[in-house]
Protein chains: 2
Amino acid sequence: MALQKEELFLKNKNIKPTAMRLLVLQYLFSCEEAVSLNQVEEALPNADKSTIFRSLKTFEEFGVVHSIREATLTKYALCKTCTAEVHTDKHPHFHCNKCDSTICLSHILLPQIQLPEHFKLQEQEYLIHGICDKCNAIA
Amino acid sequence: MALQKEELFLKNKNIKPTAMRLLVLQYLFSCEEAVSLNQVEEALPNADKSTIFRSLKTFEEFGVVHSIREATLTKYALCKTCTAEVHTDKHPHFHCNKCDSTICLSHILLPQIQLPEHFKLQEQEYLIHGICDKCNAIA
DNA sequence: GTTCTTGCAAAATATTTGCAAGACG
DNA sequence: CGTCTTGCAAATATTTTGCAAGAAC
């Protein structure tokens with residue numbers, strides 16, 4: 001069966017592998033870049049937007065995807081190493097101002113900052129804007 | 001006159017110092033932290049929201065403020081060294097998950113990242129979430 | 001049968017724009 | 001007069017929720 005990989009994947013994360021979730025996950029696996037809710041919706045014309053939204057929320061909660069908040073919308077990308085308990089897959093993201101694609105810079109360590117005294121760090125979002133390699137090649 | 005400082009400030013930036021803009025700027029000067037459109041509106045009950053919005057946009061365009069895009073809204077803070085041409089006042093921001101205040105970490109250098117080949121950097125947004133010193137003191 | 005999921009509709013939130021009246025020079 | 005600004009209203013965009021029907025176990 002074509003979906004077996006996704007099914008196992010979800011079961012391992014303690015997520016019930018419903019048809020909708022499998023479709024969303026399958027699509028995410030096919031993506032090289034982070035995608036928005038709208039993009040998922042366009043890719044799955046028969047799926048309801050709020051169902052997709054809830055699938056993504058569930059995925060995020062169980063460490064399947066992480067979300068990247070951009071200027072006008074949120075994008076989602078598969079995590080490589082996260083679980084529901086620990087989000088270890090932390091990295092900067094790159095947003096191309098030309099083609100609007102968002103890329104996980106998974107191989108780059110999130111630079112650590114010396115916070116002022118008595119500040120406690122919980123999360124870091126490093127979003128870098130610029131022109132990606134493909135758009136640079138065209139220009 | 002109370003507003004003289006703000007008036008000069010705007011003229012130096014080539015922004016026409018209208019009454020509304022002076023009010024918004026005056027309020028920004030009084031703030032220690034970044035503020036949202038709603039916060040400005042609350043502080044200036046007689047001002048129209050879209051007017052404030054447009055003032056902030058103008059300020060941003062001319063290097064008076066910079067905007068910080070957070071999860072659910074945008075905040076604005078005065079720039080210290082920027083002009084319309086060059087935004088030099090770049091730094092990470094800290095968002096407190098308890099009191100929701102947003103603080104410019106002006107004294108901290110934005111860590112530079114080695115982008116993959118053929119990527120061109122244009123802008124960086126580093127938003128750090130955690131607990132601020134005040135909330136830490138309470139807890 | 002109890003719980004979880006889904007689809008539809010609609011609410012909620014934030015941002016942004018159109019337009020006409022008015023201010024300013 | 002011509003340009004810029006303002007206030008009001010409304011559009012837009014996105015995220016989020018309520019609820020009833022249906023599926024799953």
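In what follows, chains carry the letters A, B, and so on, assigned in the order in which the sequence lines appear, proteins first and then strands, with residues in each chain numbered from 1. These figures come from a predicted structure and were not determined experimentally.
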Glu42(A) side chain to Gln39(A) backbone, donor-acceptor under 3.5 Å: no

From [atom1] of [X] over to [atom2] of [N], roughly how many Å is that when rounded to an integer?
X        : N       : atom1 : atom2 : value
Leu10(B) : dC24(C) : CG    : P     : 16 Å
Phe62(A) : dC4(C)  : CZ    : C1'   : 12 Å
Asn46(B) : dT6(D)  : CG    : P     : 14 Å
Glu61(A) : dC4(C)  : CD    : P     : 12 Å
Glu60(B) : dT15(C) : CD    : P     : 12 Å
Glu7(B)  : dC24(C) : CD    : P     : 12 Å
Ile52(A) : dT16(D) : CD1   : C1'   : 15 Å
Phe59(A) : dT5(C)  : CZ    : P     : 11 Å

All N/O pairs under 3.5 Å across the protein-nucleotides 18-20 of chain D interface:
unit_1	atom_1	unit_2	atom_2	d
dG18(D)	O6	Arg54(A)	NH2	3.2

Closest to the [X] side chain: [options]?
X        : options                  : value
Phe53(B) : dT17(C), dT5(D), dC4(C)  : dT17(C)
Lys49(A) : dT6(D), dT15(D), dT6(C)  : dT15(D)
Lys57(B) : dT6(D), dT17(D), dT16(C) : dT16(C)
Arg69(A) : dT16(C), dG7(D), dT16(D) : dT16(D)
Leu73(B) : dT15(C), dT5(C), dT15(D) : dT15(C)
Lys16(A) : dT5(C), dT15(C), dT14(D) : dT5(C)

Please work out if Thr51(B) contacts a base, only the sugar-phosphate, or nothing of the nucleic acid, heavy-atom cut-off 4.0 Å. base

Got [X] and [Y] here, is their nearest side-chain heavy-atom distance under 4.5 Å?
X         : Y        : answer
Thr58(A)  : Arg21(A) : yes
Phe119(A) : Phe94(B) : yes
Leu37(A)  : Lys49(A) : yes

Trace of the ring-ring contact (aromatic ring centres under 6.0 Å, His included) decision for His129(B) with His93(B): CA-CA 9 Å; His129(B) 301 263; His93(B) 292 93; over 10 Å; no

Within a radius of less than 6.0 Å around NZ of Lys13(A), do more than 12 heavy atoms belonging to other residues, nucleotides or ligands occur? yes

Kindly check if the number of other-residue, nucleotide or ligand heavy atoms within 6.0 Å of CD (Gln112(B)) is above 12? yes

When you match Thr72(A) and Ala47(A) each to their closest nucleotide on DNA chain C, which lands nearer the 5' end? Ala47(A)

Strictly below 4.0 Å: does Thr18(A) bring a side-chain N or O up to OP1 or OP2 of dC4(C)? no

